[in-house]
Amino acid sequence: MGNTVTCCVSPDASPKLSRARGGGGGSVPGPERRADAYQVAAAAEAESGDSDPGGGPHLQHISDREFPDDLALESNPSDHPRASTIFLSKSQTDVREKRKSNHINHVSPGQLTKKYSSCSTIFIDDSTVSQPNLRSTIKCVTLAIYYHIKNRDSDRSLDIFDEKSHPLTREEVPDDYYKHDPDHKHIYRFVRTLFSAAQLTAECAIVTLVYLERLLTYAEIDICPSNWKRIVLGAILLASKVWDDQAVWNVDYCQILKDITVEDMNEMERHFLELLQFNINVPASVYAKYYFDLRSLADDNNLSFLLEPLSKERAQKLEAISRLCEDKYKDLSKAAMRRSFSADNLVGIRRSNAILS
């Protein structure tokens, strides 16, 4: 995206892939500046007072929008930390049915593969909310997408995401393409290929899922066999631009998928942003909720993160990181204490009685 406020791209290679090939790269703004760039574009359109030349709706700046009530905000999991994620609720149907079937048929759960900590041994994985494990996170995100497709309420979609109207490959799309649900492995291979080729991070995968559920909620559509690839692709390219400091440009995704054009990628990105109402902000509380719900999804489906015994060296490393964080927050609290207080925040003021003479 560079320093522009448009979502269209240059035909040159992105700085991220150029750097990976040993080339140089200009300065690319961080996630906050890129998010501001999208919102500035929305504000400019809103202030113009005109509709989109192509007949699009009048878009209001995100800071100027008003929700009808708090309930509307809290019911959207991609915006509010207290709202339950859609993918976890959809997965619970299958989890309950599986447990019920095992109970009725007296099926043994088999040998326990999950390791539990004891007084002598502590098992811990290498995934945290700030540094998730890439492979495990992608598996969980694709499993969430799988449950979205499998337990969808309908096949509501839009033409821009339809693979028949906008194919990703030159192979002919079968006439009954909308009838066959993809399995988890198929979705995982598609997402893993994009993340591997574009060198994306695990955090980007979580933000991708946030944008996907936000799109389904805002646009009132469902992810189904006919549109899942293009919706996932649109969420990935948007998440990579917002999250990563060195974003992959649209033209580089065309090199990965080969048969898709830059114009198609640009159009899909513009529609994705409009359907999101240019709301690409992901609060830390929402990000953390999605991370821990993905871990719950992994536990329910025996996709537990790889556990290893806590060694002395690793314990010392964790202690050092914890001490560093404590020192950082102490410095922040001291800096806050040095700030001057306004008259409204003064406490403990002694009041003397007035002397009338």
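None of the values given here were measured: they were computed from a predicted structure.
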With a 4.5 Å cut-off on side-chain heavy atoms, are Asp222 and Asn227 touching?
no

When you measure from the side chain of His271 to the backbone N and O of Glu267, does any donor-acceptor pair fall under 3.5 Å?
yes

What distance do Glu220 atom CD and Leu158 atom CG have between them, rounded to the nearest 0.5 Å?
10.5 Å

Within the 4.5 Å heavy-atom criterion, are Ile256 and Val248 side-chain neighbours or not?
no

Tell me, do Asp159 and His166 make a side-chain contact under 4.5 Å, heavy atoms counted?
yes

Trace of the side chain to side chain contact (heavy atoms under 4.5 Å, CB included) decision for Gln92 with Asp300:
CA-CA 9 Å; Gln92 292 307 306; Asp300 292 338; 3.2 Å; yes

Please examine the side chains of Leu200 and Ile236, heavy atoms only from C-beta on, and report whether any two atoms are closer than 4.5 Å.
yes

Closest non-hydrogen atoms of Ser226 and Tyr177, given as atom of the first, atom of the second and distance, are CB-CE1, 3.3 Å

What closest approach, in Å, do Leu134 and Thr201 show between heavy atoms, and which atom pair accounts for it?
CD1-C, 3.8 Å

Can you check whether Thr85 reaches Leu297 side chain to side chain, under 4.5 Å on heavy atoms?
no

Does Arg270 come within less than 4.0 Å of Glu274, counting only side-chain N to carboxylate O?
no

Hey, quick one: are Ile145 and Leu275 part of the same hydrophobic cluster, counting side-chain heavy atoms closer than 4.5 Å, chains of contacts allowed?
yes

Side chain Ser165, main chain Phe161, donor-acceptor under 3.5 Å:
no

Between the CG atom in Asp162 and the SG atom in Cys224, the distance rounded to the nearest 0.5 Å is 8.0 Å

Is any side-chain heavy atom of Val232 closer than 4.5 Å to a side-chain heavy atom of Ile187?
no

Quick check: are there more than 12 heavy atoms from other residues, nucleotides or ligands sitting under 6.0 Å from CD of Gln316?
yes

Taking the side chain as every heavy atom from C-beta outward, state whether Ile223 and Trp228 have any atom pair closer than 4.5 Å.
yes

Check for a donor-acceptor pair, side chain of Tyr211 on one end and backbone N or O of Ile280 on the other, with a separation under 3.5 Å.
yes

Closest heavy-atom contact between His148 and Glu213?
NE2-OE2, 2.8 Å

In terms of hydrophobic clusters joined by side-chain contacts under 4.5 Å, are Ile231 and Ile86 together?
no

Atom CG of Leu143 and atom OH of Tyr188: how far apart are they, to the nearest 0.5 Å?
12.0 Å

Nearest heavy atoms of Tyr218 and Leu276, plus distance in Å
CE2-O, 3.3 Å

Assign the ring pair Tyr290 / Phe87 to parallel, tilted or perpendicular, where the plane angle (0 to 90°) is split at 30° and 60°.
tilted

Has the side chain of Lys164 got a donor or acceptor atom that lies under 3.5 Å from a matching backbone atom of Tyr178?
no

Mind checking whether Val282 and Ile206 have side chains closer than 4.5 Å, heavy atoms only?
no

dist Arg230:CZ -> Leu168:CG (nearest 0.5 Å) comes out at 5.5 Å

Identify the heavy atoms of Tyr253 and Met265 that sit nearest to each other, and give their distance.
CB-CE, 3.5 Å

Donor-acceptor contact present, side-chain Tyr287 to main-chain Val129, <3.5 Å
yes

Which is it for Met268 and Asn250 under the side chain to side chain contact (heavy atoms under 4.5 Å, CB included) test, yes or no, and what are the steps along the way?
CA-CA 11 Å; Met268 182 172 62; Asn250 293 9; over 6 Å; no

Just grab all the salt bridge (charged side-chain N to carboxylate O under 4.0 Å, His left out) pairs involving residues 136-151, residues at least two apart or on different chains.
Asp94-Lys150

Please report the closest heavy-atom contact between Ala202 and Pro132, naming both atoms and the distance.
CB-O, 3.6 Å

Thr208 vs Val191, side chain to side chain contact (heavy atoms under 4.5 Å, CB included): CA-CA, chis, key distance, verdict
CA-CA 11 Å; Thr208 295; Val191 176; over 6 Å; no

When you look at NZ of Lys179, are more than 12 heavy atoms from neighbouring residues, nucleotides or ligands closer to it than 6.0 Å?
no

Does any N or O in the side chain of Asn151 come within less than 3.5 Å of the main-chain N or O of Lys90, such that one atom is a donor and the other an acceptor?
yes

Look up atom CG in Leu238 and atom CD in Glu269, then write down how far apart they are to the nearest 0.5 Å.
6.5 Å

Going by salt bridge (charged side-chain N to carboxylate O under 4.0 Å, His left out), name the residues that satisfy it together with Arg152, two or more places apart in sequence or in a different chain.
Asp155, Asp181

Could you tell me whether the side chains of Tyr146 and Asn301 share a donor-acceptor contact shorter than 3.5 Å?
no

Can you tell me how far the NZ atom of Lys185 sits from the CZ atom of Arg192, to the nearest 0.5 Å?
11.0 Å

More than 12 heavy atoms from other groups under 6.0 Å of CZ on Arg135:
no

Dump the intermediate steps for side chain to side chain contact (heavy atoms under 4.5 Å, CB included) on Ile221 and Ser157, then the final yes or no.
CA-CA 5 Å; Ile221 62 175; Ser157 184; 5.5 Å; no

